[in-house]
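Inspection log for the structure reproduced underneath, given as structure tokens.
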Protein chains: 2
Amino acid sequence: MPAVPDQKRILERLAAAGLRPTRQRIGLSSLLFGSGHRHVTAEHLHGEALACGLRVSLATVYNALHQMTGAGMLREVVVEAGRFYFDTNTSAHHHFFHEESGLLTDVPGRAIHLEALLPPPPPGTRVKLVDVVIRLEKLPDEGQAVLQC
Amino acid sequence: MPAVPDQKRILERLAAAGLRPTRQRIGLSSLLFGSGHRHVTAEHLHGEALACGLRVSLATVYNALHQMTGAGMLREVVVEAGRFYFDTNTSAHHHFFHEESGLLTDVPGRAIHLEALLPPPPPGTRVKLVDVVIRLEKLPDEGQAVLQC
DNA sequence: ATAGCTGCAAATGCTTTGCAAGGCC
DNA sequence: GGCCTTGCAAAGCATTTGCAGCTAT
């Protein structure tokens, strides 16, 4: 796998956002944008960074996440009162939220174009974003794959 | 307006939920279910109660809101990280959220049946709830009602 | 009478902020 | 060198909890 091109891509990304390529921001960006799309909380990312040997404070993680959100590199997703989730996929899409585990995942497939189905916004306002969160719960029973009619 | 029948309806509602009709719960229920559907935060409801002369602590407001949510009288809506909103309309419907003012309103008209449009949940899980929040922002300019083609 | 509620204040959990020290251009 | 960043610790905010006293049945 091309580790150096990844590094370069991350530096370019930060430069494009007008953020200085500090050790902390490079490390966090690597974790966030290293492979595929991710959904993280500040605390989770902080723990991951420490586990990888990146010395960074929680406050800096919060700062970085908000700066990146402001720069359009991340999108904030509201699924739980009292917790911030950040999504590396900034395009229009929907989410599954597993309430028991706190896991947030993208809904596969192209986003349904809800805008066409939804009523127009009240006068004097404009639609900024449509959030769709599908809240999931575990099925009560798992071991009866045969018994259904 | 029939003030006494309202009172009776509220007492019945509390009884059905298995909650004792205390002065605080009756007062809060009156504010919540007195007329039409409402969207409140704990703090907002607390302020309203105090303004109406109901002596109640914020902690009791929180307790009551959660008890009522558990009893199915209210539904919790997550629109902002760090704040709980409660909705007296527990049926399936969607929301407009005015980010600048913090105002939450129901989307008029019958809810779109998203379930039919959405992909199936991952194996081992079941859809508990589908939340649709349409985030609104004020239109930048307000004073050109005539200039539109 | 007794089980359940309430109020207060303290505690919690997540997030933000202030300021001195350090790092990038 | 100057300005942006970081880290730490303290502050902030919304919510929850513990416990003594009160209340509905």
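Residue numbers begin at 1 in each chain, while the letters A, B, ... track the order of the sequences.
Relative orientation of the B/Phe86 and B/Phe84 rings is parallel, given thresholds of 30° and 60° on the angle between their planes.
Counting any heavy atom pair closer than 4.0 Å across all strands shown, B/His66 reaches sugar-phosphate atoms only and no base atom. Residue-level contact check: A/Arg83 touches the backbone only, with heavy atoms under 4.0 Å from sugar-phosphate atoms and none from bases.
For the pair A/Ile26 CD1 and D/dT6 P, the interatomic distance rounds to 10 Å; values are reported in whole Å. C/dT16 atom P lies 13 Å from atom CD of A/Glu43, rounded to whole Å. The NE2-P distance, from A/His46 to D/dC8, rounds to 9 Å in whole Å. Atoms CG (A/Leu14) and P (C/dC24) sit 13 Å apart, rounded to a whole Å. Taking atom CD on B/Glu76 and atom P on D/dA14, their separation rounds to 16 Å, with Å as the unit. Across the protein-nucleic acid pair, A/Gln24 atom CD and D/dT5 atom C1' stand 8 Å apart, rounded to whole Å. Put simply, CG on B/Leu54 is 14 Å from C1' on C/dC5, counting in whole angstrom units. Between A/Arg23 atom CZ and D/dT6 atom P there is a gap of 9 Å when expressed in whole angstrom units.
Checking A/Asn63 against B/Thr22, the closest nucleotide of DNA chain D that is more toward the 5' end is the one next to A/Asn63. Between B/Leu58 and B/Arg20, the residue anchored closer to the 5' end of DNA chain C is B/Arg20, taking for each the nucleotide with the nearest heavy atom.
Listed pair B/Gln67 / C/dC5 fails the phosphate criterion, with no side-chain N or O lying under 4.0 Å from OP1 or OP2. Residue B/Arg25 places at least one side-chain N or O closer than 4.0 Å to OP1 or OP2 of C/dC5. For C/dT6, neither phosphate oxygen OP1 nor OP2 lies less than 4.0 angstrom from any side-chain nitrogen or oxygen of B/Thr60.
Checked against the 6.0 Å centroid criterion, the rings of B/His46 and B/His44 do not qualify as a close aromatic pair.
The cationic group of B/Arg9 does not satisfy the cation-pi geometry with B/Phe33, failing either the under 6.0 Å distance to the six-membered ring centre or the 45° limit from the ring axis.
Closest approach to the B/Arg55 side chain among C/dC8, D/dA24, D/dA9 is made by C/dC8 (side chain taken as heavy atoms from C-beta onward). Of the listed nucleotides (D/dC8, D/dA24, D/dT16), D/dT16 has the atom at the smallest distance from the side chain of B/Phe84.
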Exercise. Should A/Glu48 and A/Arg38 be marked as a salt bridge (charged side-chain N to carboxylate O under 4.0 Å, His left out) after you check the CA-CA gap, both sets of side-chain angles, and the distance that decides it?
Worked result: CA-CA 13 Å; A/Glu48 213 171 277; A/Arg38 307 204 51 193; 2.7 Å; yes

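The OG1 atom of A/Thr125 lies 11.5 Å from the CD atom of B/Glu99; values are rounded to the nearest 0.5 Å.
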